[in-house]
Structures are given as C-alpha cells and as structure tokens.
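The structure appears right after this line, and notes come after that.
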Amino acid sequence: MKFEKIQAPKGVREYLPPESQSFEWVREQLIAPAKSAGYQLMELPVFEDTNLFSRGVGESTDVVSKEMYTFEDRGGRSITLRPEGTAGVMRAVIEQNLDRGQLPVKVWYSGQFFRAERPQAGRYRQFYQVGIEAIGTEDPALDAEVIAIADRGFKNLGLKNYRLEITSLGDAQSRAAHRVDLLAYIEALDLDEATAARAQINPLRLFDDKRPEMQSAMAKAPLLLDYLSPESAANFAAVQKYLTAMGIAFVINPRMVRGLDYYTGTTFEFVHPDLGAQSGIGGGGRYDGLMETLGGQSLSGIGFGLGVDRALLAAIAESTVPSQEFTSDLFIIPLGDDAKEQSLVLAQNLRNSGIQTEIAFGDRALKGAMKAADKSGARYVIVLGESELKEGVIELKRMSDGVTTSVKIGQLQEELRRTLSL
RNA sequence: GUGGGCGUAGCUCAGCUGGUAGAGCACUCGGUUGUGGUCCGAGAUGUCGCGGGUUCGAGCCCCGUCGUUCACCCCA
C-alpha cells in the first residue's frame, strides 16, 4: 500500500539544514540591536480576533480586504492569522495595561505572519518578521532611534547595497490639505476603471504604481511633503538631523506609500535593489491614532517590521552569509552491544560538560561509520570496541590530519576539553 | 485575483523532426582481519506532476488540473 505524498501548503518557505542556520543567523543579527537598546521581548499569538486587523490595519487596505487568512473557530468566533505585527502588540499593551507605567513601552517581537497573496520571489504566504514598537512618547529622537535600530540590523548582516528611504505623512491637517489638491489632480487624469477605484480608496496609492504611463502621469502630482504643517515639518527636520548625526545615510522619498492605513508622521522603508520586484526588506513608521482606534488611550507609537526571509535573500545576493558548516567535537563509533550501551553513557557525560558529541547508529560497517563521522564534520573520532572496553584506553583520532593519540577513557573528557580549549 | 515560463531518479539536468528513459553528483556495499576524505569495482532508485485526448505508438502533440517560478495588483 502506497500512500499519496502530502505537500506543503502553497507559498510557504521552509528552511532546512544547512540553510536553516543562515536563517537563524539573520534573525539573530536583526534582533540584537533592539535588545541592546533596551527593548524587551513580547511573545504574542499568531491568531487574533479578526476585528483587530479590520479595525486596526484598515478595511481599505489590500492586506485586510483580500489577503487575510480568516476562519471561524469552534465557538463561532472569527479568527485571523496575523498579517502584520503592530496591531497585536497594541492589543496586548492595551489589554494588559502596559501603557500605565514607564513610557515609552519598548518591545520587540519575531515570528511568522500570513498573507494569502500570490507567491513570488521574496513573497510568501507565511513569512517571518522581526519588529519593534516604542509606544507612548512623541519625540523625533525616538523616531531616529527606531530607524537606527533597523539600520544597525541590516549593517550587522554586512549589507551595503540597501538604501533607507524616509518621508513624513504629517499630521491630520497636513494630510487633509494635501488630499484635496491630490484628488483634484487625479480627477483630471484619464484613468482606467481599476486605477480610478484604487484612487477612490486611497489616492496616495497611485504614487506606487509601477506602470510607466502612471509614473509619468503622477510626475507632477502634488506631494504631501509640501503640505506639512509647521509642527510636522519641524518634527521631520529633527528626525533628519538626528539621523545625520548618527551617520545614517537616507534619501527622502516624497512618493513613498505604505500599505497599512495607520501610519502618520515619520515613515520609512529599507529597499534592496537585488531582490527582484519585492525589494522592501523592512519598513515602518509612526502611528498616532492606532491605539485609540483599538480602544486604548490616545498615545502615539512608532515601530518597524523587518522581513527575515528577504533580509536573507539580500545577504545571499551580497554574499555576506558566513559559511555555517555544521561541526561537532566528537563522533563515537561503537562496535558491539556492550560498546553501544557504553557509548550512550559516555556521550551523555561528554555532552553534559559541553562537548558536542555524536554517535554512529545502526550497526554499520566501520568504514561506513567513519564516512558518516567525516560528513558530520566532527573534529575527533573514537572507536569503542571490545579491546577498548577491556583495556580502558581509546585512540582519539583527529580528523583534520588523521593523527591519533592514546587516551584513557576516564580522561577523555579532560583531554577533549583541553585540545578543544573549552 | 490576472498573465508568461517550467514540472524527467535524492540533487542538477540531458532526452534530436512522437517509437515505452540516461548522465554527473549523492547514496549503499566491496577492494581480506577494526578506521574517513583520493582512486577502482559493483549496486539500488523513476506509474517522465496528475487526469483525459490525438496516434499503431507520447517524456516529447492537444485540453484540463495541481504544483512551481517570474511579473502585475499589493507588500516584509
């Protein structure tokens, strides 16, 4: 009887050895700067009440209107796999009253996110993101710090070819004033039905259209940056000043559009040119009204999300991923039943003292076991057979050059710790 | 959701204008008694994504379907 194979769901990316080590490396590099800036881990559910996203992220966004994994649980509740991280953090902050203490609340998170999009290079239905949020303080210095933390993460990966784009969406008055003129401008354009519909939902989205005819049509459209209120303009200038002081290179992109509705003020995006169409490796911004929308007090926040999958692709494109050869310290080859039992005991003791130890399983021929040892990348090998058990002495073989040393079994741990300088 | 490319052994692929499949790598065993990486020898492995159709005959042609990939929309 042969059963049909089951495939992974469409559009998921999985990392198997040895690539999984590179993935883990990227994630750690991206998280490290947040930790060193005093941000603390928040471990959140991957599914939430659907209302959290429809209300928080915005009904008008593609993310909410057509990309969510939504289902009914057994109690008849509408549940959605999280498509982004900020809303969940805000929910937890409000629910657990974290905003009642020291502000800003500074947290980081990492994990899987889900969007039911058509997969493509660098775009998966389940993707991995590292993010931070700083909630409760309106200070352009905080905006600059958040951007600097993301930038540090990418620098940790050794990336050089990415660029940081920033802009400001201003405050409510700034956006309202701009919207009037932008709508008037768009009205004069001859748009196809789908594009006109998009303009209706959010006119800013037209700036993001990749079609050349739309690019040129929007070339002279009024820019939000030119409509910033004096306060917003001063705030944005301060952010730029701080970034410059920290030596962080950026370009101002007044046509930048973010896909989520809650952004206000400073927004930014990290773009890598070598990844194909999905070039954004991270992005974020300030959100003034989100917390209130979700039933909390009126506090502003700022944060980012960095795409771990895409950051890995970028690191691969720039050849900055360190070679992560898997190695262990010792490989034990037991010959015979007594030796097998002894090797388990020995390995346990060695591992307890910090020596990475593997065992050859399956009663293979010695030659085959040696090949396995070689492939495992183990630095040393011992064969544990009848004579070794009887005499209490083993030959410790160094795989790099084949040199062997006689060692008493009782002193093996000490000898290994010495030669491996543990 | 829309459009293009692709789908042959574990992996990378070959297979000419249709005649029922091959290479390299990897894997297993061996090259005399218990020691890897090189070399030599032997061996196992495919319902040619799946389902229909055309044909005397299809991996090669047609239709559908699934998957994958790239792009659009959108986004990390």
Side-chain angles (χ1 to χ4, degrees), chain A residues 2 4-13 16 26 30 57 60-67 82-86 110-131 150 154 192 194-195 197-198 201-202 205-206 208-211 214 256-260 269-272 275-284 304-314 331 333-336 339 360 362 364-388 394-404:
Chain A
K2 192 169 180 184
E4 206 175 324
K5 287 182 184 172
I6 296 171
Q7 299 175 303
K10 186 186 184 75
V12 302
R13 177 86 163 86
L16 311 177
V26 170
L30 293 179
V57 176
S60 76
T61 61
D62 280 28
V63 168
V64 169
S65 62
K66 56 185 201 192
E67 295 172 2
R82 60 182 182 184
E84 61 94 54
T86 304
S110 77
Q112 288 86 348
F113 295 86
F114 308 86
R115 290 181 199 172
E117 302 175 275
R118 194 77 169 263
Q120 157 184 358
R123 186 171 72 189
Y124 311 110
R125 292 187 164 185
Q126 171 178 297
F127 54 101
Y128 206 99
Q129 222 170 287
V130 166
F154 292 129
D192 61 87
T195 312
R198 280 206 295 140
I201 293 166
N202 184 348
R205 294 264 155 75
L206 296 198
D208 216 17
D209 202 308
K210 287 179 183 172
R211 292 171 297 182
M214 280 306 298
M256 191 171 85
V257 182
R258 304 279 310 149
L260 311 179
E269 228 168 63
F270 291 85
V271 180
H272 200 285
L275 300 187
Q278 308 305 317
S279 56
I281 52 176
F304 64 63
L306 311 182
V308 179
D309 310 274
R310 289 185 187 176
L312 175 56
L313 291 174
F331 200 98
I333 300 174
L335 299 176
R364 312 176 67 186
L366 181 58
K367 179 169 177 167
M370 280 303 293
K371 286 183 92 162
D374 189 37
K375 294 219 176 66
S376 79
R379 283 186 268 269
Y380 291 90
V381 171
I382 62 170
V383 173
L384 204 57
E386 274 180 44
S387 60
E388 284 84 0
I394 48 88
E395 293 295 315
L396 180 62
K397 179 168 184 171
R398 185 164 63 201
M399 293 299 274
S400 57
D401 55 11
V403 170
T404 62

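Quick note on labels: first sequence line is chain A, next is B, and so on, each numbered from 1.
Using a 4.0 Å heavy-atom distance criterion, A/Glu388 is classed as a base contact. A/Leu306 comes within 4.0 angstrom of no nucleic acid atom, judged by non-hydrogen atoms across all strands. Within 4.0 Å of A/Phe270, counting heavy atoms only, lies no atom of the nucleic acid at all. Using a 4.0 Å heavy-atom criterion, one finds that A/Thr61 contacts no nucleic acid atom at all. Within the 4.0 angstrom heavy-atom criterion, only backbone atoms of the sugar-phosphate kind lie near A/Gly11; the bases stay farther away. As judged by a 4.0 angstrom heavy-atom cut-off over every strand, A/Ser65 is placed among residues making no nucleic acid contact.
Looking at every heavy atom in both residues, A/Ser110 comes nearest to A/Tyr128 through OG-OH, 3.4 Å. In this structure, A/Ala121 and A/Gln278 approach most closely via the heavy-atom pair O-CG, 3.1 Å. Scanning both residues, A/Val257 and A/Glu269, for their nearest heavy atoms gives O-OE2, 3.7 Å. Taking every heavy atom of both residues into account, A/Ala150 and A/Phe270 meet most closely at CB-CE1, 3.5 Å.
Residue A/Gly402 is the one, among A/Gly402 and A/Arg125, whose nearest nucleotide of RNA chain B lies closer to the 5' end (criterion: closest heavy atom). The 5' end of RNA chain B is approached more closely, in terms of each residue's nearest nucleotide, by A/Gly368 than by the other of A/Gly385 and A/Gly368.
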What donor-acceptor contacts under 3.5 angstrom involve side-chain atoms of residues 374-382 of chain A, with partners at least two apart or in another chain?
| from | atom 1 | to | atom 2 | distance (Å) |
| --- | --- | --- | --- | --- |
| A/Ser376 | OG | A/Ala373 | O | 2.7 |
| A/Ser376 | OG | A/Ala378 | N | 3.1 |
| A/Arg379 | NH2 | A/Asp329 | OD1 | 2.9 |

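B/C39: Watson-Crick or G-U partner is B/G31, with both key distances under 3.5 Å. The nucleotide B/G1 finds its pairing partner in B/C72, both defining distances of the Watson-Crick or G-U wobble pair being shorter than 3.5 Å. Summarising the base pairing, B/C50 is matched to B/G64 through a Watson-Crick or G-U wobble pair whose two defining distances lie under 3.5 Å. Pair assignment for B/A58 gives none, since no Watson-Crick or G-U wobble pairing has each distance under 3.5 Å. For B/C13, the paired base is B/G22 (Watson-Crick or G-U wobble, both distances below 3.5 Å).
Comparing B/U35, B/A76, B/U68 by their nearest atom to the side chain of A/Lys10 picks out B/U68.
Put simply, the side chain of A/Arg310 does not reach to within 4.5 Å of the side chain of A/His272, judged on heavy atoms. Using a 4.5 Å heavy-atom threshold, the side chains of A/Glu84 and A/Val63 count as separate.
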Contact list (N/O, under 3.5 angstrom) for nucleotides 24-27 of chain B vs protein:
| from | atom 1 | to | atom 2 | distance (Å) |
| --- | --- | --- | --- | --- |
| B/C27 | OP1 | A/Lys375 | NZ | 2.5 |

Can you name the atoms? Protein N/O to nucleotides 71-73 of chain B N/O, anything below 3.5 Å, with the distance.
| from | atom 1 | to | atom 2 | distance (Å) |
| --- | --- | --- | --- | --- |
| B/A71 | OP1 | A/Ala277 | N | 2.9 |
| B/A71 | OP2 | A/Gln120 | NE2 | 3.3 |
| B/C72 | OP1 | A/Lys210 | NZ | 3.2 |
| B/C72 | OP2 | A/Gln120 | NE2 | 3.4 |
| B/C72 | N4 | A/Arg123 | NH2 | 3.2 |
| B/C73 | OP1 | A/Asp209 | OD1 | 3.3 |
| B/C73 | OP1 | A/Lys210 | N | 3.1 |
| B/C73 | O3' | A/Arg198 | NH1 | 3.4 |
| B/C73 | N4 | A/Arg123 | NH1 | 2.2 |
| B/C73 | N4 | A/Arg123 | NH2 | 2.8 |

Protein N or O to nucleotides 39-45 of chain B N or O, pairs below 3.5 Å:
none

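Among residues at least two apart or in separate chains, salt bridge (Lys or Arg N to Asp or Glu O under 4.0 Å) pairs with a member in residues 111-121 of chain A are A/Glu117-A/Arg123.
In this structure, the CD1 atom of A/Ile394 is 16 Å from the P atom of B/U35, given to the nearest Å. The CD1 atom of A/Ile333 sits 10 Å away from the C1' atom of B/G34 (whole-angstrom rounding). Nucleotide B/G31 holds its C1' atom 15 Å from the CG atom of A/Leu366, rounded to whole Å. Atom P of nucleotide B/U35 and atom CE of A/Met370 are separated by 9 Å, given to the nearest angstrom.
Proximity of a side-chain donor or acceptor of A/Arg364 to a complementary backbone N or O of A/Ala369 within less than 3.5 Å is not detected.
B/U69 sits 15 Å from B/G49 when the C1' atoms are compared, rounded to a whole Å. The gap from the C1' atom of B/U54 to that of B/U45 amounts to 33 Å, rounded to the nearest Å. Of the C1' atoms belonging to B/C72 and B/U12, the separation is 31 Å, rounded to the nearest Å. Taking atom C1' in both B/A21 and B/U8, the straight-line distance is 8 Å, to the nearest Å. Rounded to a whole angstrom, the distance from the P atom of B/A58 to that of B/C50 is 15 Å. With both ends at atom C1', the span from B/G18 to B/G53 equals 15 Å, rounded to whole Å. Across the P atoms, B/A71 and B/U28 are found 39 Å apart, a figure rounded to whole Å. The gap from the C1' atom of B/G15 to that of B/G24 amounts to 15 Å, rounded to the nearest Å.
A/Gln112 contributes atom CD, which lies 10.5 Å from atom CZ of A/Phe127 (distance to the nearest 0.5 angstrom). With rounding to the nearest 0.5 angstrom, the CD atom of A/Gln126 is 10.5 Å from the CZ atom of A/Phe113. With values rounded to the nearest 0.5 angstrom, A/Thr404 atom OG1 is found 10.0 Å from A/Arg398 atom CZ.
Residue A/Glu395 places its CD atom among more than 12 non-hydrogen atoms of other residues, nucleotides or ligands, all under 6.0 Å distant.
By the side chain to side chain contact (heavy atoms under 4.5 Å, CB included) test, A/Val383 is found to be paired with A/Ile333, A/Leu335, A/Leu366, residues two or more places apart in sequence or in another chain being considered.
Evaluation of atom-type donor-acceptor distances gives no pair under 3.5 Å for the side chain of A/Arg205 against the base of B/C75. Below the 3.5 angstrom threshold, one finds no donor paired with an acceptor across the side chain of A/Asp374 and the base of B/G37.
For A/Phe113 and B/A76, the ring-to-base geometry does not satisfy the stacking test (centroid distance below 5.5 Å, interplanar angle below 30°).
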